[in-house]
Peer 1: 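Handing you this structure, nothing more for now.
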Amino acid sequence: QVQLVESGGGLVQAGGSLRLSCAASGSTISITLMGWYRQAPGKQRELVATITRGNNTNYAGSVKGRTTISRDNAKNTVFLQMNSLKPEDTAVYYCYALVMIPVNGFKGGYWGQGTQITVSS
């Protein structure tokens with residue numbers, strides 16, 4: 001089991017910046033990938049960015065160039081730095097962790113409770 005706790009959301013004006021944090025606890029040694037997804041009202045949850053334990057990153061096209069995902073493996077924490085925020089970035093942002101345990105074939109995803117980012121125009 002993995003527990004994820006996000007922090008850092010809030011209200012920001014267009015063009016501003018925010019930094020989200022997600023702290024993982026529990027069976028963190030089995031986490032292979034962490035990331036952020038977001039869900040705007042009336043829309044499906046979508047990928048924002050992911051990062052592997054080896055620091056390979058992947059970004060959605062809509063945030064590429066103004067967003068940086070990073071992680072501190074020692075603290076089991078992943079960060080999302082978002083700059084040049086736009087009103088269309090308004091959504092609930094969810095932290096995600098992928099757990100894989102090769103010895104028994106377990107593979108599962110865990111979600112945080114979500115944190116709201118609202119970007120005003």
Side-chain angles (χ1 to χ4, degrees):
Q1 290 282 352
V2 171
Q3 296 78 41
L4 303 171
V5 178
E6 303 110 331
S7 60
L11 174 64
V12 63
Q13 287 189 332
S17 299
L18 276 178
R19 187 185 194 222
L20 303 181
S21 300
C22 174
S25 61
S27 301
T28 57
I29 195 171
S30 301
I31 295 175
T32 59
L33 176 145
M34 295 187 74
W36 293 91
Y37 287 71
R38 66 186 181 187
Q39 188 166 18
K43 294 188 177 182
Q44 289 188 331
R45 192 171 297 189
E46 62 177 8
L47 169 74
V48 178
T50 59
I51 185 167
T52 67
R53 184 172 286 273
N55 286 324
N56 293 312
T57 58
N58 180 48
Y59 295 93
S62 58
V63 303
K64 210 168 190 176
R66 58 189 183 93
T67 298
T68 302
I69 189 170
S70 59
R71 67 189 287 175
D72 183 334
N73 288 330
K75 296 183 179 180
N76 299 308
T77 301
V78 63
F79 306 97
L80 188 73
Q81 176 69 42
M82 299 192 73
N83 303 319
S84 302
L85 283 161
K86 306 174 183 179
E88 50 263 44
D89 292 318
T90 295
V92 178
Y93 284 70
Y94 296 92
C95 181
Y96 173 79
L98 175 65
V99 168
M100 297 179 69
I101 305 176
V103 67
N104 63 11
F106 176 83
K107 181 178 179 180
Y110 296 87
W111 295 94
Q113 80 284 358
T115 185
Q116 176 74 43
I117 289 181
T118 302
V119 183
S120 62
S121 56

Peer 1: Are L20 and V48 grouped together when hydrophobic residues (ILVMFWY) are joined by side-chain heavy atoms under 4.5 angstrom apart?
Peer 2: yes
Peer 1: Determine yes or no for a side-chain-to-main-chain donor-acceptor pair under 3.5 angstrom, with R66 supplying the side chain and M82 the backbone.
Peer 2: no
Peer 1: With no hydrogens and no angle check, just 3.5 Å: does a side-chain donor-acceptor pair link T118 and Q116?
Peer 2: yes
Peer 1: Filter on disulfide bond (SG atoms under 2.5 Å apart), then keep only pairs touching residues 19-118, sequence neighbours left out; what's left?
Peer 2: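 Every disulfide bond (SG atoms under 2.5 Å apart) pair that includes a residue of residues 19-118, provided the two are not neighbours, is C22-C95.
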Peer 1: Check step by step if side-chain contact (heavy atoms from CB on, under 4.5 Å) holds for Q3 and V5.
Peer 2: CA-CA 7 Å; Q3 296 78 41; V5 178; 5.6 Å; no
Peer 1: How many angstroms lie between atom CD1 of I117 and atom CG of L85, to the nearest 0.5 angstrom?
Peer 2: 6.5 Å
Peer 1: Please name the pair of heavy atoms, one in M34 and one in L4, separated by the smallest distance, quoted to 0.1 Å.
Peer 2: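 Smallest interatomic distance, heavy atoms only, reads CE-CD2, 4.0 Å.
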Peer 1: Quick one: pull up OG1 in T68 and CZ in R19 and give me the separation to the nearest 0.5 Å.
Peer 2: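 Here the interatomic distance stands at 10.5 Å.
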Peer 1: Rounded to the nearest 0.5 Å, what separates atom CG in N76 from atom OG in S25?
Peer 2: 8.5 Å
Peer 1: For residues V63 and K86, determine if any side-chain heavy atom of one lies less than 4.5 Å from a side-chain heavy atom of the other.
Peer 2: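 Contact flag for V63/K86 side chains = no.
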Peer 1: Go through it in stages, so that I can follow the logic: the residues are N58 and L47, the test is side-chain contact (heavy atoms from CB on, under 4.5 Å), and I'd like the CA-CA distance, side-chain angles, deciding distance and then a yes or no.
Peer 2: CA-CA 9 Å; N58 180 48; L47 169 74; 3.4 Å; yes
Peer 1: Do I51 and L33 sit in the same hydrophobic cluster, where Ile, Leu, Val, Met, Phe, Trp and Tyr count as joined when their side-chain heavy atoms come under 4.5 Å apart?
Peer 2: no
Peer 1: Please say yes or no: joined through hydrophobic side-chain contacts below 4.5 Å, possibly via intermediate residues, are I101 and V2 part of one cluster?
Peer 2: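 Yes; V2 is reachable from I101 via cluster members.
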Peer 1: Could you tell me whether the side chain of I69 reaches within less than 4.5 Å of the side chain of W36, counting heavy atoms only?
Peer 2: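 Touching, per the 4.5 Å side-chain cut-off.
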Peer 1: G114 and V92: which non-hydrogen atoms are nearest, and at how many Å?
Peer 2: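 Heavy-atom minimum between the residues: CA-CG1, 3.8 Å.
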Peer 1: List the atom of F79, the atom of S21, and the distance in Å for their closest heavy-atom pair.
Peer 2: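 Scanning both residues, the minimum pair turns out to be CD2-OG, 3.4 Å.
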Peer 1: Measuring from atom CE of M100 to atom OG1 of T32, what distance do you get when rounded to the nearest 0.5 angstrom?
Peer 2: 5.5 Å
Peer 1: Looking at Y94, does the NZ or CZ of R38 lie under 6.0 angstrom from its six-membered ring centre and within 45 degrees of the ring axis?
Peer 2: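 No.
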Peer 1: Do the side chains of I31 and V78 join up, straight or via other hydrophobic residues, at under 4.5 Å, putting them in one cluster?
Peer 2: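 Yes, one cluster joins them.
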Peer 1: With sequence neighbours excluded, give me every side chain to side chain donor-acceptor pair (under 3.5 Å) pair touching residues 101-115.
Peer 2: E6-Q113
Peer 1: Give the minimum heavy-atom separation between S17 and N83, together with the two atoms involved.
Peer 2: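 Here S17 and N83 meet closest at OG-OD1, 2.9 Å.
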Peer 1: Quick one: does N55's side chain have a donor or acceptor within less than 3.5 Å of a partner on S70's backbone?
Peer 2: no
Peer 1: Hey, could you give me the CZ/OG1 distance between R71 and T57, rounded to the nearest 0.5 Å?
Peer 2: 11.5 Å
Peer 1: Given the rule that I, L, V, M, F, W and Y join up when any side-chain heavy atoms are under 4.5 Å apart, are V103 and V99 in one cluster?
Peer 2: yes
Peer 1: If you look at every heavy atom in P87 and A14, which pair is closest and at what distance?
Peer 2: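 Heavy atoms only, the tightest pair is CD-CB, 4.1 Å.
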Peer 1: Ignoring hydrogens and angles, state whether a donor on the side chain of D72 or T77 is under 3.5 Å from an acceptor on the partner side chain.
Peer 2: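 The answer is no; no qualifying pair exists.
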Peer 1: Under a 3.5 Å distance rule, please check whether T90 uses its side chain to pair with a backbone N or O of V119 as donor and acceptor.
Peer 2: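 Yes, T90 side chain to V119 backbone: donor-acceptor pair under 3.5 Å.
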